[in-house]
Amino acid sequence: MTTLILGPVRSGKSARAQTLAQAGGKRVIFAATAVDDPDDVEMRDRIGRHRRERPTAWTTVETAGAHGTDLETVLREAPPDACVLIDALGTWVAAQLLAWPDFTDHDAVEAAAALDARGLALARALAESRADTIVVAEETGWGVVPASPLGRVFRDVLGRLSQRVAAQADRVELVVAGFAVDLAAIGRPVGRV
């Protein structure tokens, strides 16, 4: 079973995903997607706080950075008695963009195509996974259009990837201000990405 939990920043989406993972009764593999950058004090603090909040019985797999495990591999190798919790697609897309060598405005089209291809590979791995999966994704694009090509590539790639995951998910929820809304109960996908 695949569940997608969408929501804006500080909406409660990660807490909702953790609650669902614990309630499932399976062994939880937590796929952490953020880059632990030693130069970014705020991000290091945020990652440390998230680590402390996770149950100690969970297995954490880092999927970003030079020594991270590929997220597609985590999904393919997860056993059927496990639940993989991916937190979150936005930080996964950001890590892919940060790995882009010397991103310039001219790289935007090429980067978007390459990241969309990675997103398709991730969606395939998700569909092939034998484990239950809970995917957290930041909801973007409800505000202004980003001023930079890098920001627009991030927003567009994440939006398309979220639609792909939602199209194959068994359950899709939107979390806002700590409240979860079952999107499938009130609507249906509008088309293909």
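In what follows, residues are counted from 1 in the order of the sequence shown.
- To the nearest 0.5 Å, atom OG of residue Ser129 and atom CD of residue Glu77 are 10.5 Å apart.
- Atom OG in Ser14 sits 5.5 Å away from atom NE2 in His50 (nearest 0.5 Å).
- Hydrophobic cluster of Leu20: the remaining members, joined at side-chain heavy-atom separations below 4.5 Å, are Ile5, Val28, Phe30, Trp58, Leu85, Ile134, Val136, Val175, listed by chain and number.
- Across all their heavy atoms, Ala112 and Arg160 have their closest contact at CB-NH2, 4.2 Å.
- No option in Leu161, Asp87, Ile86 other than Leu161 meets the side chain to side chain contact (heavy atoms under 4.5 Å, CB included) test with Trp92.
- Within the model, atoms CD of Gln18 and CZ of Arg54 stand 7.5 Å from one another, a figure rounded to the nearest 0.5 Å.
- Residue Glu173 comes nearest to Ala180 through the heavy atom pair OE1-CB, 3.5 Å, listed as atom of the first residue, atom of the second, then distance.
- Between the CZ atom in Arg51 and the CD atom in Glu62 there is a gap of 5.0 Å [rounded to 0.5 Å].
- A distance of 10.0 Å separates OG1 in Thr91 from CD in Gln96, rounded to the nearest 0.5 Å.
- Side-chain contact between Leu126 and Gln168: present, with at least one pair of heavy atoms (C-beta onward) separated by less than 4.5 Å.
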Note to self: Pair Glu138, Lys13 - check salt bridge (Lys or Arg N to Asp or Glu O under 4.0 Å), show working.
What the structure shows: CA-CA 8 Å; Glu138 299 83 354; Lys13 60 190 176 297; 5.5 Å; no

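- Residues Met43 and Leu158 do not share a hydrophobic cluster, defined by chaining ILVMFWY side chains whose heavy atoms lie under 4.5 Å apart.
- In this structure, the side chain of Arg171 does not engage the main chain of Thr2 through any donor-acceptor pair within 3.5 Å.
- Scanning all heavy atoms of the two residues, the minimum distance from Leu71 to Ala31 falls at CD1-CB, 3.7 Å.
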Next item on the list: Please step through side-chain contact (heavy atoms from CB on, under 4.5 Å) for the pair Lys26 and Asp132, ending with a clear verdict.
Entry: CA-CA 9 Å; Lys26 293 187 171 189; Asp132 285 349; 3.3 Å; yes

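- Taking hydrophobic clusters as Ile, Leu, Val, Met, Phe, Trp and Tyr residues chained together by side-chain heavy-atom distances below 4.5 Å, Phe154 does not share a cluster with Val144.
- Contact between Asp116 and Arg164 at its shortest, heavy atoms only, is OD1-NH1, 4.1 Å.
- A donor-acceptor pair under 3.5 Å is formed between the side chain of Thr33 and the backbone N or O of Ala88.
- No donor-acceptor distance shorter than 3.5 angstrom exists from the side chain of Arg27 to the backbone of Ala82, with no hydrogens or angles considered.
- Using a 4.5 Å cut-off between side-chain heavy atoms of Ile, Leu, Val, Met, Phe, Trp and Tyr, with links allowed through other members, Val157 and Trp142 fall into the same hydrophobic cluster.
- With a 4.5 Å cut-off on side-chain heavy atoms, Arg118 and Glu72 count as touching.
- When all heavy atoms of Ala78 and Ile29 are compared, the closest pair comes out as CB-CD1, 4.2 Å.
- Leu122 pairs with exactly one of Leu75, Asp70, Val165 by the side chain to side chain contact (heavy atoms under 4.5 Å, CB included) rule, that one being Leu75.
- No single ILVMFWY cluster, assembled from side-chain heavy atoms under 4.5 Å apart, contains both Val41 and Ile47.
- When each of Leu6, Leu4, Thr3 is checked for a side chain to side chain contact (heavy atoms under 4.5 Å, CB included) with Val135, only Leu4 meets the rule.
- Heavy-atom minimum distance, Pro8 versus Glu139: N-CB, 4.1 Å.
- Although no hydrogens or angles enter the test, the distance criterion places no donor-acceptor pair under 3.5 Å between the side chain of Arg44 and the main chain of Asp40.
- Counting only distance, with no hydrogens or angles, the side chain of Thr63 and the backbone of Thr69 share no donor-acceptor pair below 3.5 Å.
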